[in-house]
Amino acid sequence: MYAAHFNLAQTPFSLTPDTEFYVGLPQHNAALAVLNTALNAGEGFIKISGEVGTGKTLLCRLLLKQAPADWQLAYLPDPSVTPLELRWALAAELGLKHSANIDASQLLQLLQRQLILLAQNGKKIILVIDEAQALPDDTLESLRLLTNLETERRKLLQVVLFGQPELDQRLASQQFRQLRQRISFSYTLPVMSPAQIRYYVRQRLIIAGATPALFSRLALAAISRYSRGIPRLVNLLAHKGLMLAYGEGKSRVSNRHIRFAALDTEDTQRASRYYVWLLGATAIFSVACYAWVQR
Ligand SMILES: Nc1ncnc2c1ncn2[C@@H]1O[C@H](COP(=O)(O)OP(=O)(O)O)[C@@H](O)[C@H]1O
Ligand SMILES: [Mg+2]
């Protein structure tokens, strides 16, 4: 709605992980490099973890988009499935035509045959699981068993897990020690630094066709403070900031707009309340010091 007002070709801070808006930050480039290296080396399990909103689904989509022709990718966006449903989902992704009335062991045989066939045709088969922290215990364990399938020379199935820190906590338990030992390549996405946030906002504005100076320096500092470096929160605050500036007919987003945006945003409220509290405490302290000096 504010696109015309700010001369934008499209909305710069949408919440959907759109690969067209990818900004090559060092952490995301590093995650992609780990994925490429490990997948090319034929590793069985690779894990990318990160807090909510740090860019995991976007990386998932980039991986699917940039995959070379000899990679056959199977994508599981919602992993809250039973071990059997997982096998069915994998079968469907690998293009297996089958009748629904086969039993679990027949399905496993069919899968194995399909994996061998694809491998013989020079394909690398990669199962990509987003939101992996939601995998039930038995499904997580069944994944390990699936990656046991191998030829004499290499694994038939490689698995990439994208998950929130809860996934790491679960993997740390005794129950998953075998799986944990299989994960030889992993990467944890850090949040963005203030300099990276400025770069991120600027790049997304450029992609959307805007002049990059739409946010004042103080507005960018406020985005940094309230977002805690989490890309999704940066998008939310920047989007709301643009809406508020538009509502007032302003050509630039100010610090004040971002403060209002933060008060109106669930995950940033605590930070903004803390800030207001800190300002209040500082004011009281200054008045007390002044009174003391004047005594
Ligand atoms: N490097 C990046 N470049 C552009 N946008 C990013 C980047 N990292 C994260 N984002 C954006 O941040 C938002 C949250 O990312 P998402 O992948 O949904 O996070 P997660 O899956 O970790 O919760 C999305 O809008 C996504 O496009
Ligand atoms: Mg996600």
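Both counts, for ligands and for their atoms, begin at 1 and track the order of listing.
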Participant: Would you mind listing which atoms of ligand 1 come within a distance below 4.0 Å of any non-hydrogen atom of H28?
Facilitator: 1 (N), 8 (N)

Participant: So what's near the Mg ion (ligand 2), protein N, O or S atoms under 2.8 Å?
Facilitator: T57 OG1

Participant: Just heavy atoms, cut-off under 4.0 Å: does S14 contact ligand 1 by side chain, backbone, both, or neither?
Facilitator: backbone

Participant: Does Q203 have a heavy atom less than 4.0 Å from any atom of ligand 1?
Facilitator: no

Participant: Tell me yes or no: between the side chains of E20 and Q10, is some donor less than 3.5 Å from an acceptor?
Facilitator: yes

Participant: Can K47 and D168 be counted as an ion pair, charged N to O under 4.0 angstrom?
Facilitator: yes

Participant: Could you tell me whether the side chains of Y246 and H257 share a donor-acceptor contact shorter than 3.5 Å?
Facilitator: no

Participant: Quick one: which of Q27, Q196, R232 has a heavy atom closest to atom 18 (O) of ligand 1?
Facilitator: R232

Participant: Taking NZ, NE, NH1 and NH2 as the nitrogens, is one of them in E248 or R256 under 4.0 Å from a carboxylate oxygen of the other?
Facilitator: yes

Participant: Do V201 and F13 touch side chain to side chain, with heavy atoms closer than 4.5 Å?
Facilitator: yes

Participant: Test your reading of the model: is there a side-chain donor-acceptor pair from E93 to the backbone of L76, 3.5 Å cut-off?
Facilitator: no

Participant: What protein heavy atom is closest to atom 27 (O) of ligand 1, reported as residue, atom name and distance in Å?
Facilitator: P17 CA, 3.4 Å

Participant: For atom 9 (C) of ligand 1, what is the nearest protein heavy atom, given as residue, atom name and distance?
Facilitator: P231 CB, 3.4 Å

Participant: For a quick test of reading the model, state the closest non-hydrogen atom pair linking L111 to L94 and the distance between them.
Facilitator: CD2-CD1, 4.1 Å

Participant: Should G53 be listed as contacting ligand 1, given a heavy-atom distance under 4.0 Å as the test?
Facilitator: yes

Participant: Among protein heavy atoms, which sits nearest to atom 22 (O) of ligand 1, and what does the distance come to when rounded to 0.1 Å?
Facilitator: K56 NZ, 2.7 Å

Participant: What's the spacing between Q158 CD and I126 CD1 if we round to 0.5 Å?
Facilitator: 5.5 Å

Participant: Among all protein heavy atoms, pick out the one at the shortest distance from atom 19 (O) of ligand 1; state its residue, atom name and that distance to 0.1 Å.
Facilitator: G55 N, 3.1 Å

Participant: Could you find the nearest protein heavy atom to atom 5 (N) of ligand 1 and give me its residue, atom name and distance?
Facilitator: R204 NH1, 2.8 Å

Participant: Short question: side chain of H28, backbone of L25 - any donor-acceptor pair under 3.5 Å?
Facilitator: no

Participant: Please list, in number order, the atoms of ligand 1 under 4.0 Å from a heavy atom of V23.
Facilitator: 1 (N), 2 (C), 3 (N), 4 (C)

Participant: Return the residue, atom name and 0.1 Å-rounded distance of the protein heavy atom closest to atom 7 (C) of ligand 1.
Facilitator: L58 CD2, 3.3 Å

Participant: Rounded to the nearest 0.5 Å, what separates atom CD in Q175 from atom CG in D137?
Facilitator: 4.5 Å

Participant: Is a donor from one side chain sitting under 3.5 angstrom from an acceptor on the other, for Q112 and Q114?
Facilitator: no

Participant: Are the charged groups of K240 and D264 less than 4.0 angstrom apart, N to O?
Facilitator: yes

Participant: Rounded to the nearest 0.5 Å, how far apart are CG of L233 and CD1 of I223?
Facilitator: 11.0 Å

Participant: For atom 24 (C) of ligand 1, grab the closest protein heavy atom and report residue, atom and distance to one decimal in Å.
Facilitator: L15 O, 3.6 Å

Participant: Hey, are the side chains of Y75 and D130 touching, using non-hydrogen atoms and a 4.5 Å cut-off?
Facilitator: yes

Participant: Is the closest heavy atom of Y200 to ligand 1 under 4.0 Å?
Facilitator: yes

Participant: At a 4.0 Å cut-off, with the gap strictly under it, does some heavy atom of T16 reach an atom of ligand 1?
Facilitator: yes

Participant: Measure F21 to ligand 1 on non-hydrogen atoms and call it side chain, backbone, both or neither using the 4.0 Å cut-off.
Facilitator: backbone

Participant: Counting heavy atoms only, which part of N235 comes closer than 4.0 Å to ligand 1: side chain, backbone, both or neither?
Facilitator: side chain

